[in-house]
Amino acid sequence: MKKYKSLQSTNLKIQNYITILSMIREKVMSRAEIANVVGMSRPAVSSIIKELIDEGLVKEIGHGETSEVGGKRPILLDIDERAGNILSVYYDGAVLQMAICNLKADILVQEQVDLPVTTDEEAILDKISEYLNAFVKAESEARIIACGFVMKGIVNTITSTLQYSVALPEWENVSIGKVLEKQLQIPVFIENDARAQTLDLLKQEQNHYNTFVSVKVDTGIGTGVALDNQLYRGAFEGAVNFAHTTVHDEGPLCICGNYGCWEALASTTALLHKVETVTKEKGLSIQDIILRYNKGEAGIRDIVNNYTAYWIGVGLANIARVFQPEKIVLLSVLNAFQAPFRENVKEIYNRKSSPAFNRSLIAFEEVDDNLQLRSAAEVVCSYFYSADFHEGIWRNNDYSSMKEG
Ligand SMILES: [Zn+2]
């Protein structure tokens, strides 16, 4: 890995161009405002804006208010929606979700189809391409710039390969990205779902927090880490996989084959299993448990407060000790439990960490239905709004070799 990149003037130019493009993506702005924020001269900003308008990426959208000192009303700039759209996809082995998003990662239209996974990966990928091509043809007038494809499992973003996924058990080292690139004829960026949602959070948090961890507790557990505003993928693309760290040697058997993984104790699957074992009931859903907890049923409250909340708190304390993040975002359907669920999680987190490590803000957020598709679009944005990848994607050069280079 090269320690220093050469600071050629072309690098600086593309860097400035991307900085300004990213600012306009976040907020409608005038040339003067941009010059003010980035500390560049007005003529230098105007020259980059001219280039962005000529490229079809940015457009003028009318006049803003005059400043307090008066003068002409400034012309406001926005991303030109005619430039193109993003195809975002989430596949969990049962349902294929797809959406057309704009270059700000807003969902414009979405659809989903049932597509149960089989061991014949070639046939499933053919089917996926077929659905995606038909969807794009019907729903997007603008050019599709790239596709973001999100799934559970160990994903190597450099080689565009799914290494392994519990959701697709027979698939190992499948070059999903390359196959789909060939069939869709656009750049395809694949990503693990937890890391993709961390990119989504990075966009929301960037002006407030630089180092944070997102934890999604669902039927499994997904974790993603942003260090100093950068998504962390580890040296071998597998980070961060807290779900399968052992937290209790004598704990239950995990889907991965080990005993006592965090996921085997703190996931909704673990909660359901625990409740069914204790109550001897069968076929319960997590919504049943939430309803009964919130109605105050003592047995259910005991399990949720002293088992699930306990193990979630233990895992969060471990995460805090490793990364010392400013914030841990807990995304979960379990956040629908009324008090004292959250208080119990926090109490265990405080008890199991120490004053040096329990300063992270714990934010409890319920999962919204569009999270996966928005995150998949955000994956594309993370490349599109980057100096290293922008040209390859936008001008449609050889983006695959860029990823590996
Ligand atoms: Zn495990």
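Every heavy atom of this structure was used, including side-chain atoms; hydrogens, water molecules and symmetry mates were not. Start at 1 and go down the list; that is how both ligands and their atoms are numbered. None of the values given here were measured: they were computed from a predicted structure.
- Using a 3.5 Å distance cut-off with no hydrogens or angles, the side chains of D200 and Q204 do pair a donor with an acceptor.
- Residues that satisfy the side-chain contact (heavy atoms from CB on, under 4.5 Å) test with S175, not counting sequence neighbours, are T161, K178.
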Ring pair (Phe, Tyr, Trp, His ring centres under 6.0 Å) between H390 and F384, worked out: CA-CA 5 Å; H390 177 81; F384 185 75; 4.7 Å; yes
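- With sequence neighbours left out, the side-chain contact (heavy atoms from CB on, under 4.5 Å) criterion links A239 to Y232.
- Residues L168 and I124 fail the side-chain proximity criterion, which asks for heavy atoms closer than 4.5 Å.
- Distances shorter than 2.8 Å separate the Zn ion (ligand 1) from the protein N/O/S atoms H244 ND1, C254 SG, C256 SG, C261 SG.
- Residues satisfying the side-chain contact (heavy atoms from CB on, under 4.5 Å) criterion with Q183, sequence neighbours excluded, are D126, S129, V179, L180.
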